[in-house]
Amino acid sequence: MIDTEVEFNMMAALETMDSRLNTIRAGRANPAMVNGIMVDYYGTPTPIQSLANMTVPEARTLMIKPFDRGCIKDVVKAIQEANLGINPTDNGECVILTVPQLTEERRREYVKQAKQIAEDTKVALRKVRQEANEDIKKDESITEDDEKRMLEEVQQLINDYNKKVEEKLKEKEEELMKV
């Protein structure tokens with residue numbers, strides 16, 4: 001049986017792919033769009049998720065309601081500086097992001113971006129496989145038959161994970177191209 005660390009590393013690569021794909025907006029509002037945005041909160045860079053509740057009242061609207069109303073201007077400024085391509089609106093109580101309808105050209109650009117993320121994930125998976133294969137070959141306590149079987153198990157595992165990558169990419173492409 002192969003090491004659980006190998007599968008753990010492959011799962012981690014897939015989770016990273018998921019989080020990166022979530023940052024690509026598909027014409028619908030999603031709280032993940034603002035992940036990574038840091039707000040200057042009383043002189044301290046703070047993640048926007050720590051300062052506010054985020055809700056999606058409509059398919060193309062993201063509402064960000066800060067716990068402290070005094071930081072609304074800072075939240076608006078941080079979103080503008082993040083260059084999301086969305087202009088935030090501030091109504092005094094919350095910040096509203098209205099996601100514009102995507103153009104065909106923009107959709108294709110996002111699909112290309114998603115394909116690049118999938119390719120990066122496959123590279124990470126191959127790196128995990130290469131390290132696992134090297135570890136198996138270095139271990140002198142493993143018999144030749146066991147070594148061959150373990151190398152095949154690692155290959156089967158990477159084949160399974162590559163299928164998952166392709167499925168996730170296909171889902172994201174369909175989501176992006178749906179008008």
Side-chain heavy atoms nearer than 4.5 Å, only ILVMFWY residues, links allowed to pass through others: does that put [X] and [Y] together?
X: Met63; Y: Leu51; result: no
X: Leu157; Y: Val128; result: yes
X: Ile64; Y: Met38; result: no
X: Val111; Y: Ile117; result: yes

Give a yes or no on whether the backbone of [Y] and the side-chain of [X] come within a donor-acceptor separation of less than 3.5 Å.
X: Arg60; Y: Val99; value: yes
X: Thr61; Y: Glu58; value: no
X: Ser50; Y: Ile48; value: no
X: Asn30; Y: Met33; value: no

Closest heavy-atom contact between [X] and [Y]?
X: Leu176; Y: Ala114; answer: CD1-CB, 4.5 Å
X: Glu93; Y: Pro66; answer: O-CD, 3.9 Å
X: Leu21; Y: Lys172; answer: O-NZ, 3.0 Å
X: Ala118; Y: Leu169; answer: CB-CD2, 3.9 Å
X: Ile158; Y: Leu125; answer: CD1-O, 3.4 Å

[atom1] of [X]: more than 12 outside heavy atoms within 6.0 angstrom?
X: Glu144; atom1: CD; result: no
X: Arg108; atom1: CZ; result: no
X: Lys65; atom1: NZ; result: no

Task: Among Gln113, Arg106, Arg107, side-chain hydrogen bond (donor to acceptor under 3.5 Å, both in side chains) partner for Tyr110 - done: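 When Gln113, Arg106, Arg107 are each tested with Tyr110, the side-chain hydrogen bond (donor to acceptor under 3.5 Å, both in side chains) holds only for Arg106.
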TODO: List the steps and the verdict of side chain to side chain contact (heavy atoms under 4.5 Å, CB included) for Thr121 and Tyr161.
DONE: CA-CA 10 Å; Thr121 304; Tyr161 274 89; over 6 Å; no
TODO: Give the C-alpha distance, both sets of side-chain angles, the deciding distance and a yes or no for salt bridge (Lys or Arg N to Asp or Glu O under 4.0 Å) between Arg126 and Glu119.
DONE: CA-CA 11 Å; Arg126 285 194 296 268; Glu119 190 54 42; 3.5 Å; yes
Are [X] and [Y] close enough that some pair of their side-chain heavy atoms sits under 4.5 Å apart?
X: Ile79; Y: Ile86; answer: no
X: Leu62; Y: Pro31; answer: yes
X: Tyr42; Y: Asp74; answer: no
X: Lys137; Y: Leu151; answer: yes
X: Val34; Y: Ile37; answer: yes

Task: Test side chain to side chain contact (heavy atoms under 4.5 Å, CB included) applied to Thr89 and Val95, step by step - done: CA-CA 6 Å; Thr89 314; Val95 178; over 6 Å; no
- [ ] Would you sort out whether Glu166 and Asn162 count as a side-chain hydrogen bond (donor to acceptor under 3.5 Å, both in side chains), showing the intermediate values?
- [x] CA-CA 6 Å; Glu166 287 301 322; Asn162 277 333; over 6 Å; no
Looking at [atom1] of [X] and [atom2] of [Y], how far apart are the two atoms once the value is rounded to the nearest 0.5 Å?
X: Cys94; Y: Ile72; atom1: SG; atom2: CD1; answer: 7.0 Å
X: Lys122; Y: Arg129; atom1: NZ; atom2: CZ; answer: 12.0 Å
X: Asn9; Y: Leu14; atom1: CG; atom2: CG; answer: 12.5 Å

Task: No-hydrogen, no-angle side-chain donor-acceptor test under 3.5 Å, Ser141 and Asp139 - done: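 Looking only at side-chain atoms, Asp139 and Ser141 do form a donor-acceptor pair, the distance falling under 3.5 Å.
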Between [X] and [Y], does at least one N-O distance fall below 4.0 Å, as a salt bridge requires?
X: Asp120; Y: Arg20; answer: yes
X: Glu134; Y: Lys138; answer: no
X: Glu105; Y: Lys112; answer: no

Task: Candidate pair Asn133 and Val154, rule side chain to side chain contact (heavy atoms under 4.5 Å, CB included), full reasoning - done: CA-CA 8 Å; Asn133 287 349; Val154 170; 3.6 Å; yes
- [ ] Check Glu152, Glu153, Glu147 against Arg149 for a salt bridge (Lys or Arg N to Asp or Glu O under 4.0 Å) and give me the one that passes.
- [x]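 Checked Glu152, Glu153, Glu147 against Arg149; only one passes salt bridge (Lys or Arg N to Asp or Glu O under 4.0 Å): Glu153.
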TODO: Please step through salt bridge (Lys or Arg N to Asp or Glu O under 4.0 Å) for the pair Lys127 and Glu131, ending with a clear verdict.
DONE: CA-CA 6 Å; Lys127 187 172 190 268; Glu131 289 171 2; 3.3 Å; yes
